[in-house]
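When reading the values below, keep in mind they use all heavy atoms of this one structure, side chains included, and skip hydrogens, waters and symmetry mates.
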Protein chains: 2
Amino acid sequence: MSKSATKVLQALERVGGFASAQELHLVLKRNQESIGLTTVYRTLQNLVNDKSVDILRKDDGEAIYRLCGDSHHHHLVCKNCGKTVEIEGGAIEKWAQKSGDENGFREIGHTAEIFGICSDC
Amino acid sequence: MSKSATKVLQALERVGGFASAQELHLVLKRNQESIGLTTVYRTLQNLVNDKSVDILRKDDGEAIYRLCGDSHHHHLVCKNCGKTVEIEGGAIEKWAQKSGDENGFREIGHTAEIFGICSDC
DNA sequence: ATTGAAAATGACAACCATTTCCATTTTTGC
DNA sequence: GCAAAAATGGAAATGGTTGTCATTTTCAAT
Ligand SMILES: [Zn+2]
Ligand SMILES: [Zn+2]
Ligand SMILES: [Zn+2]
Ligand SMILES: [Zn+2]
(Lines give C-alpha, C1' and ligand atoms only; values in the text may rest on other atoms or scores of the structure.)
(Ligands and ions follow the chains in the order given, each with its own letter.)
Protein backbone atom coordinates (compact mmCIF):
# COMPACT_ATOMS: atom_id res chain seq x y z
CA MET A 1 0.00 0.00 0.00
CA SER A 2 2.40 2.69 -1.07
CA LYS A 3 2.80 3.45 -4.74
CA SER A 4 -0.81 4.55 -5.01
CA ALA A 5 -0.85 6.23 -1.64
CA THR A 6 2.02 8.44 -2.74
CA LYS A 7 0.24 9.45 -5.91
CA VAL A 8 -3.02 10.21 -4.14
CA LEU A 9 -1.26 12.25 -1.46
CA GLN A 10 0.53 14.25 -4.14
CA ALA A 11 -2.76 14.91 -5.87
CA LEU A 12 -4.24 16.08 -2.59
CA GLU A 13 -1.30 18.42 -2.08
CA ARG A 14 -1.70 19.77 -5.57
CA VAL A 15 -5.36 20.65 -5.13
CA GLY A 16 -4.63 22.08 -1.71
CA GLY A 17 -8.09 21.58 -0.24
CA PHE A 18 -11.07 19.33 -0.53
CA ALA A 19 -11.46 17.08 -3.56
CA SER A 20 -13.66 14.13 -4.42
CA ALA A 21 -12.28 10.75 -5.38
CA GLN A 22 -13.27 11.34 -8.97
CA GLU A 23 -11.63 14.75 -9.08
CA LEU A 24 -8.42 13.29 -7.71
CA HIS A 25 -8.57 10.58 -10.32
CA LEU A 26 -8.85 13.21 -13.05
CA VAL A 27 -5.97 15.23 -11.62
CA LEU A 28 -3.79 12.14 -11.70
CA LYS A 29 -4.81 11.25 -15.23
CA ARG A 30 -3.97 14.74 -16.45
CA ASN A 31 -0.52 14.39 -14.98
CA GLN A 32 0.26 11.16 -16.76
CA GLU A 33 -0.03 9.30 -13.49
CA SER A 34 -1.80 6.15 -14.51
CA ILE A 35 -4.00 4.93 -11.69
CA GLY A 36 -7.37 3.22 -11.63
CA LEU A 37 -10.43 4.84 -10.14
CA THR A 38 -10.96 1.79 -7.97
CA THR A 39 -7.48 2.18 -6.56
CA VAL A 40 -8.09 5.84 -5.81
CA TYR A 41 -11.15 4.90 -3.75
CA ARG A 42 -9.32 2.10 -1.98
CA THR A 43 -6.31 4.27 -1.24
CA LEU A 44 -8.46 7.06 0.14
CA GLN A 45 -10.20 4.63 2.47
CA ASN A 46 -6.84 3.51 3.79
CA LEU A 47 -5.63 7.05 4.25
CA VAL A 48 -8.80 7.92 6.13
CA ASN A 49 -8.32 4.89 8.39
CA ASP A 50 -4.75 6.01 9.00
CA LYS A 51 -6.09 9.45 9.84
CA SER A 52 -3.85 10.94 7.18
CA VAL A 53 -6.87 12.28 5.35
CA ASP A 54 -10.11 13.88 6.47
CA ILE A 55 -13.38 12.87 4.85
CA LEU A 56 -16.63 14.74 4.87
CA ARG A 57 -19.78 14.94 2.80
CA LYS A 58 -21.12 17.59 0.51
CA ASP A 59 -24.82 18.36 0.74
CA ASP A 60 -25.46 16.04 -2.20
CA GLY A 61 -23.81 13.18 -0.32
CA GLU A 62 -20.62 12.96 -2.33
CA ALA A 63 -17.51 12.31 -0.24
CA ILE A 64 -14.70 14.85 -0.33
CA TYR A 65 -11.23 14.41 1.10
CA ARG A 66 -8.28 16.50 2.14
CA LEU A 67 -4.96 16.21 3.87
CA CYS A 68 -5.27 16.36 7.61
CA GLY A 69 -2.79 17.97 9.90
CA ASP A 70 -1.84 15.93 12.94
CA SER A 71 -3.11 18.34 15.59
CA HIS A 72 -6.58 17.57 16.92
CA HIS A 73 -9.12 20.11 15.77
CA HIS A 74 -12.63 20.45 14.42
CA HIS A 75 -14.09 21.97 11.30
CA LEU A 76 -16.51 24.73 10.52
CA VAL A 77 -17.75 24.08 6.99
CA CYS A 78 -19.89 26.14 4.65
CA LYS A 79 -22.74 23.97 3.43
CA ASN A 80 -22.88 25.94 0.23
CA CYS A 81 -19.32 26.44 -1.05
CA GLY A 82 -17.33 24.08 1.15
CA LYS A 83 -15.17 26.81 2.66
CA THR A 84 -13.61 25.38 5.79
CA VAL A 85 -12.23 26.93 8.95
CA GLU A 86 -10.26 24.93 11.47
CA ILE A 87 -11.64 25.39 14.96
CA GLU A 88 -10.06 24.75 18.32
CA GLY A 89 -12.11 22.28 20.30
CA GLY A 90 -12.11 24.36 23.45
CA ALA A 91 -14.97 23.48 25.74
CA ILE A 92 -16.06 20.49 23.74
CA GLU A 93 -12.95 18.52 24.63
CA LYS A 94 -13.72 18.62 28.34
CA TRP A 95 -17.43 18.11 27.69
CA ALA A 96 -16.80 14.89 25.82
CA GLN A 97 -14.40 13.55 28.41
CA LYS A 98 -16.67 14.51 31.28
CA SER A 99 -19.79 13.03 29.68
CA GLY A 100 -17.98 9.77 29.09
CA ASP A 101 -16.55 9.67 32.60
CA GLU A 102 -19.90 10.31 34.23
CA ASN A 103 -21.37 7.33 32.44
CA GLY A 104 -18.56 4.99 33.25
CA PHE A 105 -17.03 4.89 29.78
CA ARG A 106 -13.31 4.63 29.14
CA GLU A 107 -11.10 5.18 26.09
CA ILE A 108 -13.28 8.14 25.28
CA GLY A 109 -13.11 9.86 21.91
CA HIS A 110 -15.38 12.15 20.00
CA THR A 111 -16.29 13.66 16.67
CA ALA A 112 -17.79 17.09 16.12
CA GLU A 113 -18.47 19.27 13.13
CA ILE A 114 -20.03 22.68 12.78
CA PHE A 115 -21.69 23.71 9.58
CA GLY A 116 -23.49 26.74 8.27
CA ILE A 117 -23.47 29.32 5.50
CA CYS A 118 -20.37 31.47 5.21
CA SER A 119 -20.33 35.24 4.76
CA ASP A 120 -19.50 34.94 1.05
CA CYS A 121 -22.56 32.86 0.28
CA MET B 1 -48.23 20.00 -0.79
CA SER B 2 -50.22 18.64 2.08
CA LYS B 3 -51.57 15.10 1.93
CA SER B 4 -48.11 13.61 1.60
CA ALA B 5 -46.48 16.10 3.91
CA THR B 6 -48.89 15.10 6.65
CA LYS B 7 -48.13 11.43 6.21
CA VAL B 8 -44.38 11.95 6.19
CA LEU B 9 -44.53 14.14 9.27
CA GLN B 10 -46.58 11.51 11.07
CA ALA B 11 -44.03 8.86 10.14
CA LEU B 12 -41.26 11.09 11.47
CA GLU B 13 -43.16 11.50 14.72
CA ARG B 14 -43.66 7.78 14.99
CA VAL B 15 -39.97 6.96 14.62
CA GLY B 16 -39.10 9.76 17.02
CA GLY B 17 -35.62 10.49 15.75
CA PHE B 18 -33.58 10.20 12.60
CA ALA B 19 -34.80 8.07 9.72
CA SER B 20 -33.91 7.68 6.07
CA ALA B 21 -36.36 8.29 3.24
CA GLN B 22 -36.58 4.57 2.58
CA GLU B 23 -37.22 3.76 6.22
CA LEU B 24 -40.00 6.31 6.32
CA HIS B 25 -41.46 4.80 3.17
CA LEU B 26 -41.49 1.39 4.84
CA VAL B 27 -43.08 2.76 8.00
CA LEU B 28 -45.86 4.26 5.92
CA LYS B 29 -46.39 1.07 3.94
CA ARG B 30 -46.66 -0.98 7.11
CA ASN B 31 -49.37 1.37 8.29
CA GLN B 32 -51.49 1.00 5.18
CA GLU B 33 -50.57 4.53 4.17
CA SER B 34 -50.17 4.24 0.45
CA ILE B 35 -47.50 6.64 -0.74
CA GLY B 36 -44.87 6.41 -3.44
CA LEU B 37 -41.17 6.43 -2.66
CA THR B 38 -40.65 9.26 -5.10
CA THR B 39 -43.21 11.33 -3.24
CA VAL B 40 -41.50 10.61 0.07
CA TYR B 41 -38.24 11.99 -1.33
CA ARG B 42 -39.95 15.00 -2.82
CA THR B 43 -41.89 15.73 0.32
CA LEU B 44 -38.78 15.47 2.49
CA GLN B 45 -36.98 17.94 0.22
CA ASN B 46 -39.84 20.38 0.62
CA LEU B 47 -39.91 19.94 4.37
CA VAL B 48 -36.17 20.55 4.53
CA ASN B 49 -36.55 23.70 2.44
CA ASP B 50 -39.31 24.82 4.79
CA LYS B 51 -36.95 24.11 7.68
CA SER B 52 -39.55 21.79 9.18
CA VAL B 53 -37.12 18.93 8.97
CA ASP B 54 -33.39 18.58 9.56
CA ILE B 55 -31.26 16.57 7.17
CA LEU B 56 -27.85 15.12 7.78
CA ARG B 57 -25.71 12.37 6.36
CA LYS B 58 -24.63 9.07 7.79
CA ASP B 59 -21.00 8.07 7.35
CA ASP B 60 -21.97 6.05 4.30
CA GLY B 61 -23.54 9.11 2.70
CA GLU B 62 -27.18 8.14 3.13
CA ALA B 63 -29.41 11.06 4.06
CA ILE B 64 -31.35 10.88 7.31
CA TYR B 65 -34.08 13.24 8.46
CA ARG B 66 -35.72 14.28 11.68
CA LEU B 67 -38.32 16.73 12.83
CA CYS B 68 -36.94 20.12 13.73
CA GLY B 69 -37.68 20.88 17.32
CA ASP B 70 -37.21 17.32 18.41
CA SER B 71 -35.34 17.73 21.64
CA HIS B 72 -31.77 18.18 20.57
CA HIS B 73 -29.26 15.86 22.14
CA HIS B 74 -26.14 13.84 21.43
CA HIS B 75 -25.10 10.26 21.86
CA LEU B 76 -22.49 8.44 23.85
CA VAL B 77 -21.95 5.10 22.15
CA CYS B 78 -20.02 2.04 23.27
CA LYS B 79 -17.63 1.00 20.50
CA ASN B 80 -17.84 -2.59 21.69
CA CYS B 81 -21.50 -3.42 22.41
CA GLY B 82 -23.31 -0.43 20.91
CA LYS B 83 -24.91 0.63 24.18
CA THR B 84 -26.06 4.22 23.75
CA VAL B 85 -26.68 6.99 26.25
CA GLU B 86 -28.39 10.23 25.35
CA ILE B 87 -26.33 13.23 26.42
CA GLU B 88 -27.37 16.79 26.93
CA GLY B 89 -25.38 19.05 24.67
CA GLY B 90 -24.33 21.48 27.37
CA ALA B 91 -21.11 23.21 26.47
CA ILE B 92 -21.02 22.11 22.88
CA GLU B 93 -24.14 24.04 21.94
CA LYS B 94 -22.61 27.38 22.87
CA TRP B 95 -19.27 26.39 21.45
CA ALA B 96 -20.75 25.60 18.05
CA GLN B 97 -22.83 28.76 17.90
CA LYS B 98 -19.98 30.93 19.08
CA SER B 99 -17.45 29.42 16.70
CA GLY B 100 -19.80 29.94 13.78
CA ASP B 101 -20.62 33.50 14.79
CA GLU B 102 -16.99 34.48 15.19
CA ASN B 103 -16.32 33.35 11.63
CA GLY B 104 -19.28 35.11 10.09
CA PHE B 105 -21.34 32.00 9.45
CA ARG B 106 -25.12 31.90 9.69
CA GLU B 107 -27.67 29.09 9.91
CA ILE B 108 -25.25 27.30 12.17
CA GLY B 109 -25.73 23.67 13.05
CA HIS B 110 -23.51 20.92 14.32
CA THR B 111 -23.03 17.24 14.77
CA ALA B 112 -21.21 15.61 17.66
CA GLU B 113 -20.81 12.12 18.97
CA ILE B 114 -18.89 10.65 21.84
CA PHE B 115 -17.70 7.09 21.80
CA GLY B 116 -15.77 4.81 24.14
CA ILE B 117 -15.97 1.53 26.00
CA CYS B 118 -18.82 1.14 28.47
CA SER B 119 -18.51 -0.22 32.00
CA ASP B 120 -20.03 -3.58 31.01
CA CYS B 121 -17.42 -4.27 28.37
C1' DA C 1 -72.48 21.57 -11.06
C1' DT C 2 -68.95 22.10 -14.97
C1' DT C 3 -64.71 23.13 -16.58
C1' DG C 4 -59.98 23.65 -17.13
C1' DA C 5 -55.54 25.09 -15.53
C1' DA C 6 -52.16 24.09 -12.08
C1' DA C 7 -50.28 21.22 -8.62
C1' DA C 8 -49.48 16.67 -6.79
C1' DT C 9 -48.69 11.89 -7.33
C1' DG C 10 -46.25 7.56 -8.34
C1' DA C 11 -44.48 3.81 -11.34
C1' DC C 12 -40.60 3.39 -13.92
C1' DA C 13 -36.27 4.55 -15.86
C1' DA C 14 -32.06 7.07 -15.62
C1' DC C 15 -28.13 8.71 -12.90
C1' DC C 16 -23.93 8.44 -10.66
C1' DA C 17 -20.85 7.81 -6.70
C1' DT C 18 -19.20 3.90 -4.65
C1' DT C 19 -18.37 -1.08 -4.06
C1' DT C 20 -17.68 -5.73 -5.50
C1' DC C 21 -15.68 -9.12 -8.48
C1' DC C 22 -12.03 -11.23 -10.49
C1' DA C 23 -8.27 -11.81 -13.60
C1' DT C 24 -3.75 -9.92 -14.09
C1' DT C 25 0.39 -7.75 -12.42
C1' DT C 26 3.62 -6.51 -8.85
C1' DT C 27 5.85 -7.16 -4.56
C1' DT C 28 7.66 -9.92 -0.79
C1' DG C 29 9.98 -13.63 1.71
C1' DC C 30 12.94 -17.44 1.21
C1' DG D 1 14.33 -17.79 -9.19
C1' DC D 2 9.81 -19.08 -7.22
C1' DA D 3 5.70 -19.47 -4.94
C1' DA D 4 2.57 -16.96 -1.89
C1' DA D 5 0.55 -12.68 -0.79
C1' DA D 6 -0.69 -8.12 -1.78
C1' DA D 7 -1.92 -4.58 -5.01
C1' DT D 8 -4.06 -3.12 -9.13
C1' DG D 9 -7.71 -1.79 -12.41
C1' DG D 10 -11.35 -2.65 -15.75
C1' DA D 11 -15.95 -4.21 -15.87
C1' DA D 12 -20.13 -5.18 -13.72
C1' DA D 13 -23.15 -4.67 -9.79
C1' DT D 14 -25.13 -1.91 -6.10
C1' DG D 15 -28.12 1.37 -4.14
C1' DG D 16 -29.66 5.87 -2.82
C1' DT D 17 -31.50 9.58 -5.21
C1' DT D 18 -33.43 12.20 -9.03
C1' DG D 19 -35.81 12.83 -13.62
C1' DT D 20 -39.67 11.76 -16.65
C1' DC D 21 -44.19 11.82 -17.77
C1' DA D 22 -48.84 10.13 -17.89
C1' DT D 23 -52.51 10.19 -14.70
C1' DT D 24 -55.08 11.97 -10.78
C1' DT D 25 -56.42 15.48 -7.55
C1' DT D 26 -57.27 20.24 -6.14
C1' DC D 27 -59.62 24.36 -6.57
C1' DA D 28 -61.00 28.72 -8.32
C1' DA D 29 -63.75 30.76 -11.96
C1' DT D 30 -67.85 30.41 -14.53
ZN1 LIG E 1 -19.79 29.58 1.53
ZN1 LIG F 1 -12.12 17.59 19.81
ZN1 LIG G 1 -20.26 -1.83 25.89
ZN1 LIG H 1 -25.90 19.85 20.06
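The interatomic distance linking B:Ile35 (CD1) with C:dT9 (P) rounds to 7 Å, in whole Å. Rounded to an integer number of Å, the gap from A:Glu62 CD to D:dG15 C1' is 16 Å. Regarding B:Asn49, its CG atom lies at a distance of 11 Å from the P atom of D:dT18, rounded to whole Å. Atom CD1 of B:Ile55 and atom C1' of D:dG16 are 12 Å apart (whole Å). Between the CG atom of A:Leu37 and the P atom of D:dT8 there is a distance of 14 Å, rounded to whole Å. Here the P atom of nucleotide D:dG15 and the CG atom of A:Asp60 are 20 Å apart, to the nearest Å. Nucleotide C:dA8 holds its P atom 15 Å from the NZ atom of B:Lys7, rounded to whole Å. For the pair A:Arg57 CZ and D:dG16 P, the interatomic distance rounds to 13 Å; values are reported in whole Å.
The minimum heavy-atom distance between A:Asp59 and B:Arg57, with the atom names listed, is O-NH2, 2.7 Å. When all heavy atoms are compared, the tightest approach of A:Ala63 to A:Ile55 is CB-CD1, 3.9 Å. Taking every heavy atom of both residues into account, A:Gly100 and B:Leu76 meet most closely at CA-CD2, 4.0 Å.
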Would you tabulate the side-chain donor-acceptor contacts of residues 5-13 of chain A under 3.5 Å, counting partners in other chains and residues two or more places apart, or write 'none'?
from: A:Thr6; atom 1: OG1; to: A:Ser2; atom 2: O; distance (Å): 2.9
from: A:Lys7; atom 1: NZ; to: A:Ser34; atom 2: O; distance (Å): 3.0

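Remark: A:Thr38 is not in phosphate contact with C:dT18, judged by side-chain N or O atoms under 4.0 Å from OP1 or OP2. Between A:Tyr41 and the phosphate of C:dT19, there is no side-chain N or O to OP1/OP2 separation shorter than 4.0 Å.
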Could you write out each protein N or O paired with an N or O of nucleotides 24-27 of chain C at a distance under 3.5 Å?
none

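Taking a 4.0 Å limit (strictly below) on heavy-atom distances, residues 17-30 of chain A does not reach DNA chain D anywhere.
For the atom pair SG (A:Cys78) and CD (B:Glu107), the distance works out to 9.5 Å, reported to the nearest 0.5 Å. Summarising the geometry, atom CZ belonging to B:Arg42 is positioned 8.0 Å from atom OG belonging to B:Ser4; distances are rounded to the nearest 0.5 Å.
Donor-acceptor pairing under 3.5 Å, judged by distance alone, is present between the side chain of A:Arg42 and the base of D:dG9. The base of D:dA7 has none of its N or O atoms less than 3.5 Å from a complementary donor or acceptor on the side chain of A:Thr39.
With a 4.5 Å cut-off on side-chain heavy atoms, A:Val53 and A:Cys68 do not count as touching. With a 4.5 Å cut-off on side-chain heavy atoms, A:Arg66 and A:His75 count as touching.
In the hydrophobic clustering, where aliphatic and aromatic side chains (Ile, Leu, Val, Met, Phe, Trp, Tyr) are joined below 4.5 Å either directly or transitively, A:Tyr41 groups with A:Leu37.
For the side chain to side chain donor-acceptor pair (under 3.5 Å) condition, the pairs that include at least one residue of residues 110-121 of chain B, sequence neighbours left out, are B:His72-B:His110, B:His74-B:His110, B:Glu93-B:His110.
Taking only side-chain atoms of A:Gln45, from C-beta outward, the nucleotide of C:dG10, D:dG9, C:dT19 with the closest atom is C:dT19.
Both B:Leu28 and B:Leu44 belong to a single network of hydrophobic side chains, linked directly or stepwise wherever heavy atoms of I, L, V, M, F, W or Y lie under 4.5 Å apart.
If one axis is set at each end of the helix from C:dA1-D:dT30 to C:dC30-D:dG1 from five pairs, those axes are 30° apart, to 10°.
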Determine whether B:Val15 and B:Glu23 satisfy the following criterion, side-chain contact (heavy atoms from CB on, under 4.5 Å), listing intermediate values before the conclusion. CA-CA 9 Å; B:Val15 299; B:Glu23 286 169 345; over 6 Å; no

